[in-house]
Amino acid sequence: MPALGPTKLHVGHATPIVPERVGHWAAAEQRRLDRLVARGRLCTKEKAAA
């Protein structure tokens, strides 16, 4: 959705959020997941298929 350029995102159970906050959260979450994968603590689709 952020790629569509919205000015606000309305979620089901909260107030509208600014898309930049979503981008920051998504980037932080990806870094966290990358660290877990690097430590072998998270199975990725590629590893599960092997």
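As a basis for the values below, the full set of heavy atoms in this structure was taken, side chains included, without hydrogen atoms, waters or symmetry mates.
Under the 4.5 Å side-chain heavy-atom criterion for ILVMFWY residues, a single connected hydrophobic cluster contains both Val11 and Val22.
A distance of 15.5 Å separates NE2 of His24 from CD of Glu29, quoted to the nearest 0.5 Å. One finds the CZ atom of Arg39 at 11.5 Å from the CG atom of Asp34 (value rounded to the nearest 0.5 Å).
For the residue pair Pro19 and Pro6, the shortest heavy atom distance occurs at CG-O, 3.1 Å.
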